[in-house]
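Read through the structure below, which is laid out as structure tokens, and then see the notes.
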Amino acid sequence: MLLSKNIFSLNTRELSPTKLFSKKYFSCRFEYSNNISSFENHKIARTKLFCMKSENVVHHQLKIMHGNDNGIGIVEFFEGKKILVTGATGFLAKALIEKVLRTTPKVNKIYLLIRAKDKEAAFHRLKAEIMESELFKCLEEMHGETYKLFIQNKLIPIVGNIYEPNLGMDIITSDKIAQEIDLIVDSAAITTFDERYDLALDANVNGPYQLMMFAKKCKKLQLLMHYSTAFANGEREGLILEKPFTMGESITKEKITSISPYTNFPSLDAHNEMNLISKLKNNITNNIGLEQIMKDFGLERAKLYGWQDTYSFTKAIGEMMINNMRDEIPILIIRPSGITIFFYRKGDLPGLLADPNCLVDLVPVDMVVNTTMAAMAKHGNLQNPQLSVYHVASSSINPVSFSQIFDYSYDFFQLFPFVNSKGDKYEVKKMKFFDKISDFENYIWEVLSKQHEVQDGKELTKIQIRFIKKKVEYLKNFSKLYEPYLFDNGNVRKLMGDMSEEEKRSFEIDVTKINWKNYIENTHIPGVQKYVLEGKR
């Protein structure tokens with residue numbers, strides 16, 4: 001997902017941490033604090049309080065810069081742990097599993113919930129999608145001949161389905177897992193932004209519901225970590241804080257009550273949404289057009305409550321479900337931002353409805369994984385029955401613009417053009433940006449029409465016209481995702497302050513260190529093609 005920040009241009013900067021914690025800043029604030037009250041006792045009390053706060057802030061900044069000598073104890077935390085992972089064959093989950101096995105090999109067992117008809121089929125998926133994955137080549141080289149034995153001892157495939165009671169496991173397996181596991185990693189989700197509403201609700205809301213029901217049976221559970229998305233914040237504006245969602249709230253309700261506190265707006269309730277979709281499906285007797293009806297209805301509900309698409313809307317509801325059901329279970333929610341350039345490499349994204357100077361929020365997957373492990377260790381050790389949210393994002397501290405991202409991508413594909421299975425090279429052009437949806441739509445239609453005419457050398461058929469109309473509509477909706485965002489990541493900064501120097505080297509989470517041109521051209525695009533697409537043409 002590729003999203004931007006329209007409100008702040010690249011020339012806009014918040015006060016830097018260096019200036020914020022400078023001597024001049026604190027001396028000015030200290031003098032102001034000294035003159036707040038004319039009463040001596042109040043003055044002394046306020047002065048002492050501010051000095052203490054100032055020292056704490058400076059100490060925290062020094063911890064971020066130099067690290068905590070003792071650190072969090074990330075490696076030690078995972079030693080001997082038994083972990084249940086949902087969505088285990090997804091890319092993010094695989095990246096996390098690989099890092100855990102590589103850096104904390106003394107982890108006990110990792111149970112992988114896999115959709116399969118039986119144990120044999122589950123093991124086949126484990127072998128094909130994980131053990132033999134490009135992502136695990138480094139681990140294979142580390143262990144050499146003992147690699148397969150190591151993996152088989154650590155990774156245990158479990159036949160199941162997160163949409164079902166007991167996560168689709170048989171009773172014996174379910175009871176065994178519930179008695180043994182220390183940690184749950186929830187990475188299961190449908191991430192298509194325009195998915196059918198019924199399917200998105202089942203995956204992103206019913207899934208968390210079934211998971212929480214199972215988590216309450218787990219006797220040793222220290223922490224449940226759930227992957228959400230920073231874009232679950234919907235159409236919020238300004239600096240978006242790391243705060244959890246509560247059942248009943250919505251972005252629209254926030255906006256209305258901020259203007260008119262006594263105005264009523266319907267509360268957003270997860271169970272109501274699932275009941276609503278169930279009734280709608282029961283009333284549809286003919287399946288013709290059902291898919292489009294469900295897609296349109298999802299977008300309609302999302303827009304009503306203040307979200308831009310079905311994906312981010314249902315992920316937010318999923319968070320509400322977890323928060324509503326957690327009781328005494330410690331919960332950690334990781335909200336990564338993201339980017340995709342898959343369309344661009346094949347020339348399928350010829351234009352974009354966005355300001356070229358807008359900020360893109362992009363974060364490398366390894367930093368998401370590192371933040372996950374560090375935060376799990378921190379909160380798993382604390383074992384407080386609270387819900388903590390982390391934005392793993394970059395726009396507020398290391399901004400990069402749309403034009404920069406696509407310029408870097410253009411430079412890469414000029415040197416290394418995408419070649420399909422037939423040997424045909426795809427030509428990419430400089431990205432064109434539009435501020436009017438009508439101009440954008442006309443341009444996309446023109447480009448796609450010419451592509452089909454060139455391929456066939458004939459006039460467009462009715463089937464091709466329908467295809468182009470569908471593609472134009474898709475790209476229009478895709479561009480609507482580019483809403484203004486600026487994510488606060490204060491919790492990640494605090495996490496950095498808790499880490500030792502050794503942990504910072506092994507689990508890098510500082511996005512300010514990223515050189516975007518180098519990252520896009522030398523890491524991101526080659527990495528996506530190798531590890532995500534795995535050579536797909």
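From a predicted model like this one, the values you see are computed outputs, not experimental measurements. Positions are given from 1 along the sequence.
Counting non-hydrogen atoms of neighbouring residues, nucleotides and ligands closer than 6.0 angstrom, the NZ atom of K119 reaches no more than 12 such neighbours. Other residues, nucleotides and ligands contribute more than 12 heavy atoms inside 6.0 Å of the NZ atom of K253. With a 6.0 Å radius and a threshold of 12 heavy atoms from other residues, nucleotides or ligands, N264 has its CG atom at or below the threshold. Counting non-hydrogen atoms of neighbouring residues, nucleotides and ligands closer than 6.0 angstrom, the NZ atom of K82 exceeds 12 such neighbours.
Closest non-hydrogen pair, I190 versus A203, comes out as CG1-CB, 3.5 Å. Counting all heavy atoms, side chain and backbone alike, S133 lies closest to K94 at OG-NZ, 4.0 Å. The heavy-atom pair separating D170 from T173 by the smallest distance is OD1-N, 2.8 Å. What you find for M321 and A270 is that their closest heavy atoms are CE-CB, 3.5 Å. For E249 against P244, the heavy-atom pair with the smallest separation is OE2-O, 3.7 Å.
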Steps toward side chain to side chain donor-acceptor pair (under 3.5 Å) verdict (T252, S250): CA-CA 5 Å; T252 302; S250 68; 4.9 Å; no

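For the pair D327 (side chain) and I329 (backbone), a donor-acceptor distance under 3.5 Å is absent. Using a distance-only test at 3.5 Å, with no hydrogens or angles considered, a donor-acceptor pair links the side chain of N206 to the main chain of Y163. Without hydrogens or angle criteria, K216 side chain to M325 main chain gives a donor-acceptor distance under 3.5 Å. Using a distance-only test at 3.5 Å, with no hydrogens or angles considered, no donor-acceptor pair links the side chain of S260 to the main chain of T257. Remark: side-chain polar atoms of W307 are paired, donor with acceptor, to backbone N or O of A232 under 3.5 angstrom. At least one donor-acceptor pair closer than 3.5 Å links the side chain of S394 to the backbone N or O of L362. Remark: side-chain polar atoms of N166 are not paired, donor with acceptor, to backbone N or O of M169 under 3.5 angstrom. Under the 3.5 Å distance criterion, the side-chain polar atoms of N283 are matched with a main-chain donor or acceptor of K279. In this structure, N384 contributes its side chain and Q386 its backbone to no donor-acceptor pair below 3.5 Å. Checked by atom type and distance alone, the side chain of K315 pairs as donor or acceptor with a backbone atom of Y227 at under 3.5 Å.
A donor-acceptor pair shorter than 3.5 Å cannot be found between the side chains of S401 and N357. For the 3.5 Å distance criterion, the side chains of E195 and T310 fail to qualify, holding no donor opposite an acceptor. S278 and N275 form no side-chain donor-acceptor contact under 3.5 Å, judged by distance and modelled atom types alone.
Annotation: side chain of M225 is in contact with side chain of T372 (closest heavy-atom distance under 4.5 Å). Side-chain contact between R125 and T89 is present, with heavy atoms from C-beta onward closer than 4.5 Å. Considering only heavy atoms from C-beta on, D194 stays 4.5 Å or farther from D309 through its side chain. Counting only heavy atoms from C-beta outward, the side chains of L211 and L167 approach each other to under 4.5 Å. A heavy-atom distance below 4.5 Å is not found between the side chains of N491 and H391. Contact check for F193 versus S312: no side-chain heavy atoms found under the 4.5 Å cut-off. Between F487 and N233, the closest side-chain pair of non-hydrogen atoms falls below 4.5 Å. The shortest distance between side-chain heavy atoms of L352 and F402 falls below 4.5 Å.
Between D182 and the options K220, K219, K81, a salt bridge (charged side-chain N to carboxylate O under 4.0 Å, His left out) holds for only K220. Among V365, D361, V368, V369, the one residue that satisfies the side-chain contact (heavy atoms from CB on, under 4.5 Å) test with V392 is V368.
In this structure, the separation between CD1 on I251 and CG on L304 is 12.5 Å, given to the nearest 0.5 Å. Here the straight-line distance linking atom CD1 of I437 with atom CG of D435 works out to 11.5 Å at 0.5 Å rounding.
Figure legend: K432 and Y443 shown as a cation-pi pair, the cationic atom lying under 6.0 angstrom from the six-membered ring centre and within 45 degrees of its axis.
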For residues 293-302, dump all side-chain donor-acceptor pairs below 3.5 Å to protein atoms at least two apart in sequence or in another chain.
residue : atom : partner : partner atom : Å
D296    : OD1  : Q292    : NE2          : 2.9
R301    : NE   : E273    : OE1          : 3.1
R301    : NH2  : E273    : OE2          : 2.6

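A salt bridge between K176 and E180 is present, with a side-chain N of the basic residue lying under 4.0 Å from a carboxylate O of the acidic one. Under the 4.0 Å criterion applied to side-chain N and carboxylate O atoms, K99 and D366 are not assigned as salt-bridge partners. Salt-bridge annotation for R335 and E242: absent, with no side-chain N of the basic residue lying under 4.0 Å from a carboxylate O of the acidic one.
Note: H524 and F412 fail the aromatic proximity criterion, with ring centroids not under 6.0 Å apart. Aromatic ring centroids of F413 and F406 lie 6.0 Å or more apart.
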